Enquirer: 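Dropping a structure here in structure tokens format, bear with me for questions.
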Amino acid sequence: MTIAQGQIFSFIAELIYCIGVLTMISRARKGIKIPELYQVPGLDALDEAIGRCTEMGRPVHFSPGIAGVDEAQTLAGLSILSYVARQCAKYDTDIIATNRRTVVYPIAEEIVKQAFVQEGKIANFKVENVRFISEDQFAYATGVTGIMYREKPAANLLLGAFWAESLIFAEVGATAGAIQIAGTANTHQIPFFVAACDYCLIGEELYAASAYLTREPILMGSLVVQDWGKMFAAVCIVLGVLLQTASVSVLKDIMGK
Amino acid sequence: MKQELPVIIGLAFGLFIVIAMFVGGVPALTTGKNYVDDWFLVVSAWAIAVGVVNLTQIHGRRVQQRREGYQYSLWLMICMFGMAFFGILVAKSADHEGWKFMYNNLIAPMNATVYSTLVFYIGAAAYRAFRVRNVEAAVLLVAAVVMMLGRVPLGTVLLGDWIGDTAEWILNVPNSAGMRGIQIGATLGGIATALRILVGIERAHLGGTGD
Amino acid sequence: MWQKLANIDRRIIYALMILVIALSLIKPVGLAIVPTAETQRVYDFIDALPSGSIVYLGFDFSAGGIPELMPAAHSLVRQGFRKDLRFICAGMWVMAGDMADTAFSIVEEEFPDKEYGVDWINVGYKPGGEVLLQKMLSSIYEAAVGRDHYGNDLKTLPLLNEAPTIKDTDALFIFVTGTPGERQYIAHVSSPHNIPLCVSTISVSVPELMPLIQARQVHAGVLGMKGAAEYEVLVGNPGSATAGMDAQSFSHALIIVFIILGNLGYLLTREK
């Protein structure tokens, strides 16, 4: 039994990282204090967006992105859907959740349904508001565009993995007059969201959303290790640049193992 | 138990796949992973049926109740079932002339049309967003203009080679640096999210709220 | 008056965009296209492959990507067949088989001596995303469930006997617009098995691709329609990408004009 060639460093690094995450979660469980999180305006604005829909008597539109369940961004998006759906249930606001992937659709439906159950408002749950549109990217984009124009949601929440349809959604949302909160870790789509939406979650902020929104210490614990990971990456970059400049390839060799 | 069982199954298969990805030289792992891969393929392929049921339920109800715009729902179902039945019962192969005709003259142009509408959205979004509100916005504006001119022949014709070189520099240096920074953070966030889901700490996707 | 400049109706922007693009396509100016070092590297890489090499082509895009990616695919087929390279095509996107079919539609006219099954195979789309790539590492035949895009038994196609797995190919050249895309090929195929990877991508994905090119996880890239136009010039067959660069040039110029107008309106009304 061996670790595959070229994977040794990433295996060890990921193992240490995972141990760190689990350790911090365990410390949080024991009640050890977790550092405060910095403000994420996009996440703070979620309640404001839902409140706006409640006041205007218009629905919230939520898209967990166009990737499948094998994409962590989709799962992060679905975690936020859980929060948004509960808030919508609490304030008797309709939520339209659109899906591109057939595998994601039943999960989204169950999340929204459970949110209404937990708020004791199952009678308000409308099964037809959680919709599978199409597996085709642009057919899905067209479907969402139609929903935005016809049903005029007052909030457009785009949180997950997006590609070319991102700007279509954001511009159509702007035309419909919706407050728009978008978030993705797909770096090439972030500029579109920044340009066209009211708030934008950039990269890791999307993954931090469930911890941020619930303020559960055990979820927040893992965020601390993310910061350590970033610091480690920064040290490796600086060290790597210095060593390579000095023609010393030791770090590169270790990482290539 | 309704939430525990999916978490246990997820943990078992998740760990198995991670181990199989990294560890070599164990035939049982490779065989097991091949089986799991096959199951994923089968589930992915069959999941389309769930989508068809949902579309039929929603649009069927709309047609049945003659709601506003029910004609579009009817058209959607005719297209969906028409294409499916034609593919399964008549064409049976992607080489079928009728299938190719529908693909080349319906699906491909419609797909390309929606994608090409982006050009209008980009124009409108750029006009709305690129305003010199502050220093950061001014930097964004200048970078956008340099990129737009530097990546097309007209820029070089009008302004010379320097515009293309500057665009290349923006793409290779500040852009790559920013992309890498965001990607490192996002990757770490992705691993932590996956781990939280795998061990069942984050289970909002199961319809719960976590521990 | 100035307020109007800051709030131009988006329909005016849309209408002028249509006009400018249509005019540029109908009456091209023919702005000179000079290949950049990046596209040259792609060309040189393909040129350096020994005759008879087998290149895996990943068609991981749908019809929306045709204007930017298909010209590069046609150029690659031309350059490759002139050098007697052979191709195995597949993809993780639903339209993969149809896209490969379109890419090779030029063969009948331009390369009548090339034969399907011997010089190229179109495995087509198979479901599973990156799992498909993992399965192709052990057997393309099994990953494709034995059939190509046209329903032929893959065992009857001689080229597959020479490259029964994706690891047996000499290079990967993929056409991508999103995910699954280059990252999946890097993670499962090119990096672990040291197979050089070239990528042709759409303009919007270029910024994300740059770090991968710099790190040489991607050997070289055809970057957007500009790259495709340069590749057409290098291969000596200017086509739709070359023509499209005029439209792209003038549409960019129009957007810049609108940005200037918007800022004029914004600054002058703000001062008031």
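So that the names make sense, note that chain A is the first sequence line, chain B the second, and so on, each numbered from 1. Given the structure is predicted, the values throughout are model-derived calculations rather than measurements.
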Enquirer: Of the backbone (N, CA, C, O) and the side chain (C-beta and beyond), which part of C/I202 lies under 4.5 Å from a heavy atom of chain B, both, or neither?
Expert: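 The answer is the side chain of C/I202.
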Enquirer: Given heavy-atom pairs under 4.5 angstrom as the criterion, report whether the side chain, backbone, both or neither of B/K33 touches chain C.
Expert: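 Answer is side chain: those atoms of B/K33 sit under 4.5 Å from chain C.
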Enquirer: Between chain C and each of B/Y115, B/F130, B/Y103, count heavy-atom pairs under 4.5 Å; write down the option with the most.
Expert: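 Of the candidates given, the most pairs with chain C belong to B/Y103.
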Enquirer: If you look at every heavy atom in B/A108 and C/A63, which pair is closest and at what distance?
Expert: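 Of all heavy-atom pairs spanning B/A108 and C/A63, the closest is O-CB, 3.3 Å.
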Enquirer: Under 3.5 Å, which donor-acceptor pairs do the side chains of residues 9-26 of chain B form with other protein atoms, sequence neighbours left out?
Expert:
none

Enquirer: Please classify the contact of B/R133 with chain C as side chain, backbone, both or neither, using a heavy-atom distance under 4.5 Å.
Expert: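 Interface part for B/R133: both.
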Enquirer: Hey, what do you get for CD (C/Q134) to CG (B/N34), rounding to the nearest 0.5 Å?
Expert: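 One finds 9.0 Å between CD of C/Q134 and CG of B/N34.
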Enquirer: The test is side-chain contact (heavy atoms from CB on, under 4.5 Å); show your working for B/T156 and C/V34 and say whether it passes.
Expert: CA-CA 10 Å; B/T156 316; C/V34 182; over 6 Å; no
Enquirer: Crowded around C/R216 CZ? As in, over 12 foreign heavy atoms under 6.0 Å?
Expert: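 Yes, because the 6.0 Å sphere around CZ of C/R216 holds more than 12 heavy atoms from other groups.
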Enquirer: How long is the gap from CE on B/M179 to CD on C/E208, to the nearest 0.5 Å?
Expert: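 It is 6.5 Å, given to the nearest 0.5 Å.
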Enquirer: If I measure from the heavy atoms of chain B, does C/A6 come under 4.5 Å with its side chain, its backbone, both, or neither?
Expert: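 Interface part for C/A6: both.
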Enquirer: Counting only heavy atoms not in B/F81 (residues, nucleotides, ligands), do more than 12 fall under 6.0 Å from its CZ?
Expert: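 Yes, enclosed.
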Enquirer: Check each atom of C/L209 against the heavy atoms of chain B and say whether the ones under 4.5 Å are side chain, backbone, both or neither.
Expert: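 No part of it gets close to chain B.
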Enquirer: Does B/Y127 reach the main-chain N or O of C/I8 with its side chain, forming a donor-acceptor pair under 3.5 Å?
Expert: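 Yes; judged by distance alone, with no hydrogens or angles, the pair exists.
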Enquirer: Ignoring hydrogens and angles, tell me if any N or O in the side chain of B/N111 forms a donor-acceptor pair with the backbone of C/S62 under 3.5 Å.
Expert: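 No: the side chain of B/N111 does not pair with the backbone of C/S62.
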Enquirer: Who wins among B/P109, B/G178, B/G123 for the most heavy-atom pairs under 4.5 Å with chain C?
Expert: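 Of B/P109, B/G178, B/G123, B/G123 has the most heavy-atom pairs under 4.5 Å with chain C.
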Enquirer: CE/C/M95 to CD1/B/I107 distance, rounded to the nearest 0.5 angstrom?
Expert: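 Interatomic distance, C/M95 CE to B/I107 CD1, rounded to 0.5 Å: 5.5 Å.
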Enquirer: If you round to the nearest 0.5 Å, how far is CG of C/D101 from CG of B/N104?
Expert: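 Separation between the atoms: 8.0 Å.
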Enquirer: What's the shortest heavy-atom distance between C/A253 and B/L154, and which atoms?
Expert: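 Shortest heavy-atom separation between C/A253 and B/L154 comes out as CB-CD2, 3.8 Å.
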Enquirer: Among the options C/D98, C/L31, C/T102, pick out the one with the most heavy-atom pairs lying under 4.5 Å from chain B.
Expert: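 Answer, by heavy-atom pair count under 4.5 Å with chain B: C/D98.
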Enquirer: Does any backbone or side-chain atom of C/I260 lie under 4.5 Å from a heavy atom of chain B? Answer side chain, backbone, both or neither.
Expert: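 Answer is neither: C/I260 stays 4.5 Å or more from chain B.
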Enquirer: Give a yes or no on this: more than 12 heavy atoms of other residues, nucleotides or ligands lie within 6.0 Å of atom CD of C/E142.
Expert: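 No, not enclosed.
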Enquirer: Looking at every heavy atom in both C/S249 and B/P153, which two are closest together, and how far apart are they?
Expert: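 That closest heavy-atom pairing would be OG-CD, 3.3 Å.
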Enquirer: So what's closer than 4.5 Å to chain C heavy atoms on B/N172: side chain, backbone, both or neither?
Expert: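 Contact with chain C is through both the backbone and side chain of B/N172.
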Enquirer: More than 12 heavy atoms of other residues, nucleotides or ligands under 6.0 Å from OH of B/Y72: yes or no?
Expert: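 Not more than 12 within 6.0 Å, no.
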Enquirer: Please rank C/E38, C/Q248, C/K135, C/M99 by heavy-atom pairs under 4.5 Å with chain B and give me the top one.
Expert: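 Top count of heavy-atom pairs under 4.5 Å with chain B: C/K135.
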Enquirer: What's the separation between atom CG in C/L212 and atom OG in B/S176, rounded to the nearest 0.5 Å?
Expert: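 Reported value, rounded in 0.5 Å steps: 9.0 Å.
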Enquirer: Are B/V119 and C/I21 close enough that some pair of their side-chain heavy atoms sits under 4.5 Å apart?
Expert: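 In contact.
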Enquirer: Considering all heavy atoms of both residues, which atom of C/I255 and which atom of B/A126 are nearest to each other, and what is their separation?
Expert: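 Of all heavy-atom pairs spanning C/I255 and B/A126, the closest is CG2-CB, 3.7 Å.
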Enquirer: I need the contact set between residues 138-152 of chain B and chain C: heavy-atom distance under 4.5 Å, sorted by residue number.
Expert: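 The list, in residue order, reads B/L141, B/V145, B/M148, B/L149, B/G150, B/R151, B/V152.
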Enquirer: Does C/R10 make a cation-pi contact with B/F120, if we ask for NZ or CZ under 6.0 Å from the ring centre and within 45° of the axis?
Expert: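 No cation-pi geometry.
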Enquirer: If I measure from the heavy atoms of chain B, does C/E68 come under 4.5 Å with its side chain, its backbone, both, or neither?
Expert: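 Only the side chain of C/E68 comes within 4.5 Å of chain B.
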Enquirer: Quick one: what part of B/V157 sits under 4.5 Å from any heavy atom of chain C, side chain, backbone, both or neither?
Expert: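 Just the side chain, heavy atoms under 4.5 Å.
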Enquirer: Rounded to the nearest 0.5 Å, what's the gap from CE on C/M17 to OG1 on B/T117? Could you check?
Expert: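 So the gap between those two atoms works out to 11.5 Å.
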Enquirer: Taking every non-hydrogen pair under 4.5 Å, which of C/S251, C/P211, C/G65, C/A215 racks up the most with chain B?
Expert: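 Sorted descending by pairs with chain B, the first entry is C/P211.
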